[in-house]
Amino acid sequence: MNRDLSKLRYLRYHALDVAKAPLLIFALVAAGLCVVLWRFSLKENAVVPGPDVFLSMTLAVVLTVACLMASGGVAGNDIARGYYRSWFSKPMAPWWFYFQRWVLGGLAVLCIPAFLGIGLQLAFGKGTGLTSDVFAQTALVYLLVGGTVLLASVFTARDWLITFFLTFLQAQLENVSRVIELPAAAEWMHRVLPPYQMVGVGSPLPEGQKLTHVILYGVAMVVIALVLFEKKPLGSGGRA
Amino acid sequence: MIQFEGVAKSYTGLISRKRVDALTDFSIEMSRGEVVGIAGPNGAGKSTMISLMMGFLQPNAGRITIDGKPARQWIEGNGVGYLTELVNLPAGWKVPATLQRMAALSGVPSAEIAARSATMLTRLGLDEHAAKSVKQLSKGNLQRVGLGQALVGDFELVVLDEPTHGLDPLWTQRFRDVVTELRRPDRLIIIASHNLDELETLADRVAILDHGRLQRVVTHQTEERSEQLAWRLVLEGSVDVAAVIPGATAVAGREGTWRCVASRRELSQGLGALLAGGAVLVECVPEEGRLESAFRAAVQR
């Protein structure tokens, strides 16, 4: 048999999975939020935020959760449930398989501001609130949050839970550091943990060293995860 | 094709730190054109051996190569038709979609995926379950889907771990036909099974493992005419079998039924004498298969 061993031959099935699960949910939630806002605007004396404010407020709330949904439990579940035995007995490298899925998850997350912007335009006809900064911040959040999930998924199916805990911990350390000087250990942890506090829609896009720090940290997590997928045996026992 | 050289694998408990040697100094070579059986009691190391070969585990010592390359590297380039002992597939996937996805992963060209998957559905009698999702399948049907995903890629190396687990007698027989059809000079088929009859029927040679060690390799070539086997003979009327086959004993309460231990040659000579004397043979069967007796001897149970 002449084989089609193109690296992208499974991409359409990954795309189908992403479209069915996170992307559809993102679209429905975005539409729902826009409808709620539109109905609210019909009330007398209602003060409706502008599209840019609504977009920032919404993304600030949903983005981390959306990143966890888009990237969580993919590789970790496959390994924990033993699906990997069927997938990777075929001519396919684990790192490439999961990298494609991770990138598609990121594209789904980038669709959230687009969905919200289109919804706002349809509801109010006053613009979308979309700027290149919104997309850049969304991409950076996915790089950090999704990157953490991908790295954690090498070791556990609870990758999203670990990532959620880390984002929460970093947020608390950031909040406290604004009020008091952190103890040495906490300060060290604040520096070492992924810099989630440096990115977020609504805050200014990081520049210079901060931007480099965010990108290098995110890329490093992704690269380490991919190297581990390739080098670390996926099994933990004869059957597991 | 596949070479295990002094391979060892042990597991160490995370808390207890207790070490279990799953495979010790395991060496074997398997070539294209063969059907190789892997037999052994529970915990003998069969699944560990397969996981090592698939590159899902790293050996503590030794080397596993396929066509001279590290096993994992070869598999990522060529693929293996692998049926896992426990068939794990996403519960929500429909049966045809499962085979199509696995065909795509296997490198079946896009234009052929639908046709090849449909052929596999028919070949494995899954047409009537085409509308079902994986979670709606019975154990036996799930096993057949597992077999389908392993075979849809038409690979040179096929590894079947407990392939008839959960299959009814009809499909167990059908599976044997499938394996016979799979035989090709350029293909190696490895079957790990508890079912010794199945291995005796299908395999050219069987590696018997126990306590993580290769105890014995039984081949058709090593069959010896002098090998002593237990036989059950049933003859019409009252015939004194012990007079011609030394050590034969009549089975109490069953007229004309005898048990004896003899080589094929001794048995043939004895039966020849009995038949020449006018005896009528009703049945002559080995009490246990040749592989079964080798298995018992190898694992000493």
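Just so we're on the same page: letters track the sequence lines, and every chain starts at 1.
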key: A:W96 atom CH2, neighbour heavy-atom count above 12 within 6.0 Å   = yes

task = Give, as side chain, backbone, both or neither, the part of A:F88 having an atom under 4.5 angstrom from any heavy atom of chain B.
result = both

A:Y196 side chain to A:T148 side chain, donor-acceptor N/O pair below 3.5 angstrom = yes

message = What part of A:R81 gets within 4.5 angstrom of chain B, counting heavy atoms only: side chain, backbone, both, or neither?
response = backbone

note = Given B:K9, B:R101, B:M102, B:E112, the one with more heavy-atom pairs under 4.5 angstrom with chain A than any other is B:R101

Under 4.5 Å from a heavy atom of chain A, the part of B:A91 involved = backbone

key: Distance-only side-chain donor-acceptor flag, B:S51 / A:R85, under 3.5 Å   = yes

message = Minimum heavy-atom separation for A:V154 and A:I79, please, with both atom names.
response = O-CD1, 4.4 Å

task = Flag the one option from B:L157, B:L89, B:D154 with the top tally of heavy-atom pairs under 4.5 Å to chain A.
result = B:L89

Contacting region of A:Y10 [heavy-atom separation from chain B under 4.5 Å] = side chain

message = Is B:T84 close to chain A through its backbone or its side chain, or both, or neither, when contacts mean heavy atoms under 4.5 Å?
response = side chain

remark   = The interface call for B:M54 against chain A, heavy-atom contacts under 4.5 Å, is side chain

query = Cut-off 3.5 Å, side chains only: do A:K90 and B:Q149 have a donor facing an acceptor?
reply = yes

key: Which residues share a side chain to side chain donor-acceptor pair (under 3.5 Å) with B:H165, sequence neighbours left out   = none

request  = Can you sort out the partners of B:Q136 under side chain to side chain donor-acceptor pair (under 3.5 Å), two or more places apart, ordered by chain and number?
outcome  = B:S133

key: Greatest number of heavy atom pairs closer than 4.5 Å to chain A - which of B:G77, B:G153, B:G45   = B:G153

key: Region of B:A22 in contact with chain A, defined by heavy-atom distances below 4.5 Å   = neither

